[in-house]
Participant: 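The following block contains the structure, expressed as structure tokens.
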2 protein chains.
Amino acid sequence: MTRTPPEPDAATRVAVSTVIFTLRRMPHAERAAVVLPLVRRTRDPFEGRWALPGGWLDVTEGLDAAASRTLAETTGLAPSYLEQLYAFGDVDRSPTRVVSIVYWALLRSDEVDAQLAEHAARGDAPENVSWFDAASLPPLAFDHNQIVDYALWRLRNKVGYSRIAHGLLPDAFTLGELREVNESILGRRLDPANFRRQAEASGTLIPTDAFRTGSHRPARLYRYNRDVELAERGPLLPAGSPASPSPEGIHA
Amino acid sequence: MTRTPPEPDAATRVAVSTVIFTLRRMPHAERAAVVLPLVRRTRDPFEGRWALPGGWLDVTEGLDAAASRTLAETTGLAPSYLEQLYAFGDVDRSPTRVVSIVYWALLRSDEVDAQLAEHAARGDAPENVSWFDAASLPPLAFDHNQIVDYALWRLRNKVGYSRIAHGLLPDAFTLGELREVNESILGRRLDPANFRRQAEASGTLIPTDAFRTGSHRPARLYRYNRDVELAERGPLLPAGSPASPSPEGIHA
DNA sequence: CCAAAAGTGTTCTGGCTACACCCATGA
DNA sequence: TCATGGGTGTAGCCAGAACACTTTTGG
């Protein structure tokens with residue numbers, strides 16, 4: 001820290017953006033698609049192009065809070081899982097100098113409709129927002145295509161060693177539903193028998209006494225054990241610290 | 001992006017800091033210790049305390065470049081591996097609002113002495129810098145203790161699935177030396193026989209015709225295969241893209 | 001010759017895969 | 001009854017752990 005602080009007019013601004021994924025069941029499609037909301041830009045750099053939801057960092061809020069706030073302001077959505085992805089700060093990634101702290105998030109499929117319906121009922125439905133299949137995006141503003149690709153890579157990675165998939169499911173779910181989420185993210189079929197054993201052995205699932213009926217043989221409903229995932233988190237945060245969440249994501 | 005840009009005087013400043021590890025052989029110690037350089041603060045917030053090397057982000061440089069530059073300016077060191085760690089931006093982590101983009105880095109043990117000797121010869125030896133055992137740090141400035149803990153966690157994690165250890169070794173090394181690096185980072189003994197097979201099977205090592213003699217039976221020297229690690233990287237970066245390095249670290 | 005690290009071989013085990021098979025339900 | 005997904009059993013394979021053993025040097 002030997003340098004003097006930058007001049008006030010040496011404008012490096014800090015933005016916060018969020019790549020928020022959910023699953024959408026497409027009719028006639030084998031698997032659900034990973035989709036994300038984008039916002040159409042109405043201003044000069046890249047006007048008319050689609051961009052990640054986000055906004056400027058406020059001086060009075062932390063980074064996590066900024067991600068949640070800007071996401072809500074632009075899309076009306078509140079994520080069920082939120083984790084910092086990466087800080088992008090190349091000089092030429094924007095006409096003006098902008099450092100973007102990017103988050104990635106998950107939203108339970110049932111919550112998407114619920115939250116949007118609530119906004120529609122209140123008359124403050126978000127504008128200029130549209131949902132896109134993550135696998136086939138148009139050219140986005142700034143470096144947002146690369147950012148989405150990186151977020152997708154992280155999501156697929158994390159599915160392998162973490163029980164992140166529950167961020168896309170309602171509280172109670174069947175093992176078949178959980179498997180379908182994993183299949184959608186990974187893009188390939190998983191053996192139902194082996195998936196079941198793995199999931200049960202992970203210790204993160206609590207079987208309930210309820211069953212999902214309607215189709216064929218009723219399937220037992222499971223709940224997610226919120227205590228277990230602490231082990232997956234990074235360092236410290238002594239199990240009850242009220243301080244800022246450690247780097248590794250927060251659950252809503 | 002519905003909000004207006006922040007006022008120029010709404011001073012959220014962007015700093016860049018680096019946790020740079022190397023190994024130090026302690027006499028009479030079983031394993032080498034993980035050590036890192038810290039800088040004694042000479043200014044108001046936390047004056048006199050030790051802090052991570054870093055500085056303010058310049059408007060004309062990218063984040064990676066800023067990490068390298070501020071690290072060189074404060075400690076005179078140039079890392080052999082550099083990767084972004086996390087962006088810290090809690091409102092109360094500093095008296096004034098500072099968002100810190102933190103990097104973590106590795107430096108080959110042989111390079112440490114070489115680089116410091118070069119600075120000493122030129123008479124621009126860094127001041128107020130001291131090396132600390134990462135396992136027993138004093139209370140540092142700001143939230144730097146937590147940051148170091150998180151960096152250590154990432155380092156230990158990455159050793160498991162990546163061949164990151166070569167960032168702490170000279171170009172040519174024996175499997176015994178490579179194993180000792182892993183043992184120092186993980187803090188436990190590894191079976192020499194199994195470690196050898198794993199390392200050989202990884203495909204990342206190129207055996208040379210040279211041997212390290214002097215102690216007992218001569219040990220074959222290996223070289224690191226720089227082509228392989230690309231697979232470990234994140235997304236895209238089509239194998240020859242000159243653009244900014246993808247999130248996942250750069251090798252010097 | 002001895003100590004010690006380099007390097008090889010072998011066994012055991014746990015986890016994962018593949019796949020056969022039974023169970024319970026709606027239609 | 002049949003089709004379908006839920007759920008169980010099991011054999012094969014492979015990676016890692018443990019450890020016995022041989023090899024090659026310096027002293």
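Throughout, a chain's letter reflects where its sequence line sits, starting with A, and its residues are numbered from 1.
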Participant: Can you check the B:Arg220 CZ to C:dG7 C1' distance for me, whole Å?
Facilitator: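 Taking atom C1' of C:dG7 as the reference, CZ of B:Arg220 is at 11 Å.
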Participant: Would you call A:Thr18 and A:Leu82 a side-chain contact if the rule is heavy atoms closer than 4.5 Å?
Facilitator: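 SC-SC contact between A:Thr18 and A:Leu82 confirmed.
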Participant: Quick one: A:Glu180 CD to D:dG6 C1', roughly how many Å, whole number?
Facilitator: 13 Å
Participant: Is any side-chain heavy atom of B:Lys158 closer than 4.5 Å to one of B:Tyr81?
Facilitator: yes
Participant: Touch check for B:Arg179, heavy atoms < 4.0 angstrom, all strands: base, sugar-phosphate only, or nothing?
Facilitator: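 Here B:Arg179 touches the backbone only, sparing every base.
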Participant: So A:Leu36 and A:Leu137, side chain to side chain contact (heavy atoms under 4.5 Å, CB included) or not? Walk me through it.
Facilitator: CA-CA 10 Å; A:Leu36 71 162; A:Leu137 292 178; 4.0 Å; yes
Participant: Please examine the side chains of A:Glu180 and A:Arg25, heavy atoms only from C-beta on, and report whether any two atoms are closer than 4.5 Å.
Facilitator: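 Touching, per the 4.5 Å side-chain cut-off.
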Participant: When you measure from every atom of DNA chain D, which of residues 183-201 of chain A have a heavy atom less than 4.0 Å away?
Facilitator: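 Here the set is A:Ala193, A:Arg196, A:Arg197.
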Participant: Between B:His216 and A:Thr174, which has a closest nucleotide on DNA chain D that is more 5'?
Facilitator: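 Its nearest nucleotide being more 5', the pick is A:Thr174.
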Participant: Among D:dG6, C:dA6, D:dT25, which is the nearest nucleotide to the side chain of A:Ala219?
Facilitator: D:dG6
Participant: Just by distance, do the side chain of A:Arg31 and the backbone of A:Gly187 share a donor-acceptor pair under 3.5 Å?
Facilitator: yes
Participant: With a 3.5 Å cut-off and just heavy-atom distances, do the side chain of A:Arg217 and the base of C:dA24 make a donor-acceptor pair?
Facilitator: no
Participant: Using modelled atom types only, decide if a donor and an acceptor are shared between the side chain of A:Asn145 and the backbone of A:Pro138 within a distance under 3.5 Å.
Facilitator: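 Checked: pair present.
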